[in-house]
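Comments concern the structure below.
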Amino acid sequence: MGFSHLSNLECGRCGAEHDSERPQNLCTRCGSPLLARYDLTAVRASVRPEEFARRSPDLWRYHELLPVRSPQTVTTLGEGMTPLSPMTRYGERIGLPRLLMKDEGLIPTGSFKARGAAVGVSRAAELGVERLAIPTNGNAGAAWALYGARAGLTTTIVMPVDAPEITRRECVASGADLHLVDGLISDAGRIVGEVVAASEGRVFDASTLKEPYRIEGKKTMMLEIAEQLGWRTPDVILYPTGGGVGLIGIHKALGELRELGWISGPPPRLVAVQAEGCAPIVRAFEQGERESRYWEGARTVAFGINVPKPLGDFLILDALAETSGTAVTVTDDELLAELREVAAAEGAFVCPEGAAAFAAARKLRRSGWIDPTEQVVVLNTGAGIKYPGTVPVDAPVLAADGRLV
Ligand SMILES: *Cc1c(COP(=O)(O)O)cnc(C)c1O
Ligand SMILES: [Zn+2]
């Protein structure tokens with residue numbers, strides 16, 4: 001009984017309860033993100049972990065722990081159940097022979113934003129939303145535009161003019177109303193706020209963490225990792241952190257799995273990886289602060305993690321503290337070099353954000369923070385082929401008869 005065991009929404013900061021059966025944005029008391037809560041006793045009574053393996057190979061196999069009430073309102077392109085691949089040759093080179101990659105490049109729209117979009121769009125449509133607006137660094141806009149099209153919603157997307165070009169084309173192809181802004185995602189967010197305010201309730205603000213359900217989509221990465229490891233968890237998980245939704249989702253899933261009794265033992269140590277040119281979480285972590293401060297002049301080739309002030313910063317920092325995790329930066333040069341190392345050693349063309357997480361794994365092994373015997377999971381959050389500019393080509397050009405020209 002019950003496709004979903006969603007019970008209510010709870011503020012991630014002050015704990016205030018909110019009704020989950022109508023569209024919600026931030027906590028009406030303190031302005032913080034809301035988290036979905038489930039009747040975990042009912043979940044435990046209705047499904048056992050072994051049963052998931054017999055269900056569809058996508059994230060909807062965990063529907064009891066997702067917010068969508070009815071199978072009829074699920075909008076899906078088959079997202080989820082991405083491979084957890086051994087990276088043995090590369091891992092041995094960097095001193096981590098048990099390294100694994102969760103490859104989110106193999107997902108509709110080419111980035112793990114599809115998880116958040118599938119669940120967020122499905123739930124918004126189920127609650128009667130017809131129009132939504134979203135600021136984005138590219139991949140989220142593409143995913144929400146495409147899933148929005150599948151659900152029959154109208155979407156307004158605002159993204160920086162220098163976001164990866166392919167994501168812009170995905171929005172146009174989906175028929176979304178696309179706006180480019182000569183600025184950062186924070187500027188795009190302000191513009192979306194104005195669009196929403198002017199709409200008098202007709203346009204739903206689907207900004208990162210201003211709607212509660214994309215976290216639920218992204219938490220399924222952790223449910224899958226646990227299932228793929230036989231309901232065990234790895235020692236360390238490295239995650240390229242922008243808005244931090246994936247990290248918050250992973251931490252939330254760990255709490256739910258533990259409360260369900262499906263996993264035990266110490267949690268994996270979570271690592272927030274940021275680029276040196278935009279590292280508000282690393283700075284806050286190092287200074288022992290509970291929140292981040294706006295990062296001036298944010299800039300990195302890893303566009304998905306170019307977020308100068310994440311709204312859920314305190315939830316990210318909680319996740320690091322509660323798992324004895326850490327936060328590290330890598331430079332653009334380091335991550336671009338790592339991208340080619342990974343492709344050359346393993347045949348995996350990862351995205352620059354994923355490459356940053358690999359570079360961080362190397363650094364943390366070198367510093368001794370990760371032990372060579374540990375099982376380590378790197379999240380490659382998107383497909384390298386979405387960023388054709390990251391690898392320069394200087395191959396010789398031959399005439400048709402084979403002569404060098
Ligand atoms: C958005 C994005 C990230 C960062 O995800 P958050 O959940 O915002 O931290 C990382 N990698 C890629 C490819 C992205 O598109
Ligand atoms: Zn609150």
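Order of listing sets the numbers, starting from 1, for every ligand and every atom in it. Position 1 is the first residue of the sequence, and the numbers go up from there. Atoms considered below: every heavy atom in the structure, side chains included; atoms not considered: hydrogens, waters and symmetry mates.
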Out of Lys113, Glu353, Lys218, the nearest non-hydrogen contact to atom 14 (C) of ligand 1 is supplied by Lys113

Are any of the heavy atoms in Glu104 under 4.0 Å away from ligand 1? no

I'd like to verify the contacts: list protein N, O or S atoms under a distance of 2.8 Å from the Zn ion (ligand 2). Cys11 SG, Cys14 SG, Cys27 SG, Cys30 SG

Residues Glu276 and Arg283 bridged, charged N to O under 4.0 Å: no

Ranked by distance from atom 12 (C) of ligand 1, the top protein heavy atom is Thr381 OG1, 3.3 Å

Of the backbone atoms (N, CA, C, O) and the side-chain heavy atoms from C-beta on, which set of Val245 has a member under 4.0 Å from an atom of ligand 1: side chain, backbone, both, or neither? both

Would Gly244 count as being in polar contact with ligand 1, using the rule that some N or O on each side must be under 3.5 angstrom apart? yes

Answer whether the closest heavy-atom distance between the side chains of Pro310 and Ser292 falls below 4.5 Å. yes

Ring-face cation of Arg269 near Trp369 (centre distance under 6.0 Å, axis angle within 45°): yes

Should the proximity of Phe112 to ligand 1, defined as any heavy atom under 4.0 Å, be assigned to the side chain, the backbone, both, or neither? side chain

For atom 7 (O) of ligand 1, what's the nearest protein heavy atom and its distance? Tyr239 OH, 2.7 Å

Whether the Asn306 and Asn137 side chains hold a donor-acceptor pair (N or O, under 3.5 Å, no angle test) is what I'd like checked. no

